[in-house]
Amino acid sequence: MTIIRSLVLFALAAVFEIGGAWLVWQGWREHRGLAWIVAGILALGAYGFVATFQPDAHFGRILAAYGGVFVAGSLVWGIVMDGFRPDRWDVIGAAICLIGVAVIMYAPRG
């Protein structure tokens with residue numbers, strides 16, 4: 001159950017961080033306006049709190065592992081929201097990052 005909770009929190013963090021950055025991008029770069037930028041800033045702020053709910057107490061470990069989730073999540077976000085088509089190297093790189101997440105977060109420790 002702890003691993004499932006951790007995975008859900010990582011997914012939620014990715015939605016807030018990637019979604020927040022995407023909203024800022026849309027507001028500024030795609031000229032969608034200030035409301036998009038503000039929504040993005042709020043989402044990025046919410047992302048900052050999500051990691052505090054992780055079961056592991058080590059900030060460095062949580063953020064290091066989240067980096068792999070961010071990489072894979074960014075590719076998925078691009079596919080869903082922007083029609084991005086990752087090539088095999090994108091997919092292989094994301095898979096390597098997710099393996100790193102599993103090792104960092106869920107390897108047995110004595």
Side-chain angles (χ1 to χ4, degrees):
M1 193 53 119
T2 301
I3 292 174
I4 292 170
R5 177 180 176 204
S6 175
L7 292 171
V8 168
L9 288 168
F10 276 139
L12 185 60
V15 168
F16 280 134
E17 185 183 20
I18 298 163
W22 184 81
L23 286 166
V24 171
W25 177 285
Q26 294 297 310
W28 184 258
R29 212 138 158 198
E30 303 299 326
H31 309 288
R32 294 199 175 179
L34 186 60
W36 286 68
I37 294 169
V38 170
I41 291 167
L42 292 173
L44 288 165
Y47 151 74
F49 286 98
V50 173
T52 67
F53 295 103
Q54 281 286 352
D56 192 292
H58 298 93
F59 176 81
R61 180 176 294 143
I62 299 299
L63 265 291
Y66 173 69
V69 174
F70 177 82
V71 169
S74 294
L75 291 176
V76 171
W77 188 278
I79 292 165
V80 172
M81 299 304 291
D82 290 326
F84 173 70
R85 296 273 191 217
D87 63 22
R88 67 180 167 171
W89 301 110
D90 294 323
V91 174
I92 291 168
I96 291 168
C97 289
L98 291 175
I99 291 167
V101 171
V103 170
I104 292 169
M105 285 298 295
Y106 311 119
R109 291 188 160 79

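Every value quoted in this text rests on a predicted model; they were computed, and no experiment measured them.
Between Tyr47 and Ala13, the shortest heavy-atom contact is CD1-O, 3.5 Å. Across every non-hydrogen atom of Ala21 and Leu44, the tightest pair is N-CD2, 4.0 Å. Here the closest heavy-atom approach between residue Gly27 and residue Trp36 is recorded as CA-CB, 3.7 Å. The two residues Ala94 and Val71 make their nearest non-hydrogen contact at CA-CG1, 4.4 Å.
Taken together through direct or relayed side-chain contacts under 4.5 Å among Ile, Leu, Val, Met, Phe, Trp and Tyr, Leu9 and Leu7 form part of one hydrophobic cluster. Note on Trp22 and Val76: same hydrophobic cluster, where clusters join Ile, Leu, Val, Met, Phe, Trp and Tyr whose side-chain heavy atoms are under 4.5 Å apart, directly or indirectly. Hydrophobic clustering, with ILVMFWY side chains joined whenever heavy atoms are under 4.5 angstrom apart, groups Trp77 together with Val80. Grouping the Ile, Leu, Val, Met, Phe, Trp and Tyr side chains by contacts below 4.5 angstrom, directly or via other members, places Ile18 with Met81. Tracing side-chain contacts under 4.5 Å through hydrophobic residues (I, L, V, M, F, W, Y), one reaches Trp28 starting from Ile41; they form part of the same cluster.
When only modelled atom types and interatomic distance are considered, Tyr66 and Glu17 share a side-chain donor-acceptor pair under 3.5 Å.
Note that NE2 of His31 is 11.0 Å distant from CD of Gln26, once rounded to the nearest 0.5 Å. In this structure, CZ on Phe16 lies 10.5 Å from CG on Leu42, to the nearest 0.5 angstrom. Interatomic distance, CD1 of Ile92 versus CH2 of Trp89, reported as 5.0 Å (0.5 Å rounding).
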Validation: residues 95-110 side-chain donor-acceptor distances under 3.5 Å, sequence neighbours left out:
from: Tyr106; atom 1: OH; to: Ser6; atom 2: OG; distance (Å): 2.7
from: Arg109; atom 1: NH1; to: Ile104; atom 2: O; distance (Å): 3.0
from: Arg109; atom 1: NH2; to: Ile104; atom 2: O; distance (Å): 2.9

Can you list the steps and then say if Leu12 with Phe53 is a side-chain contact (heavy atoms from CB on, under 4.5 Å)? CA-CA 11 Å; Leu12 185 60; Phe53 295 103; over 6 Å; no

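When the salt bridge (charged side-chain N to carboxylate O under 4.0 Å, His left out) test is applied to Asp82, no partner is found at least two apart in sequence or on another chain. The side chain to side chain contact (heavy atoms under 4.5 Å, CB included) search around Trp25 returns Arg29, Glu30, not counting sequence neighbours.
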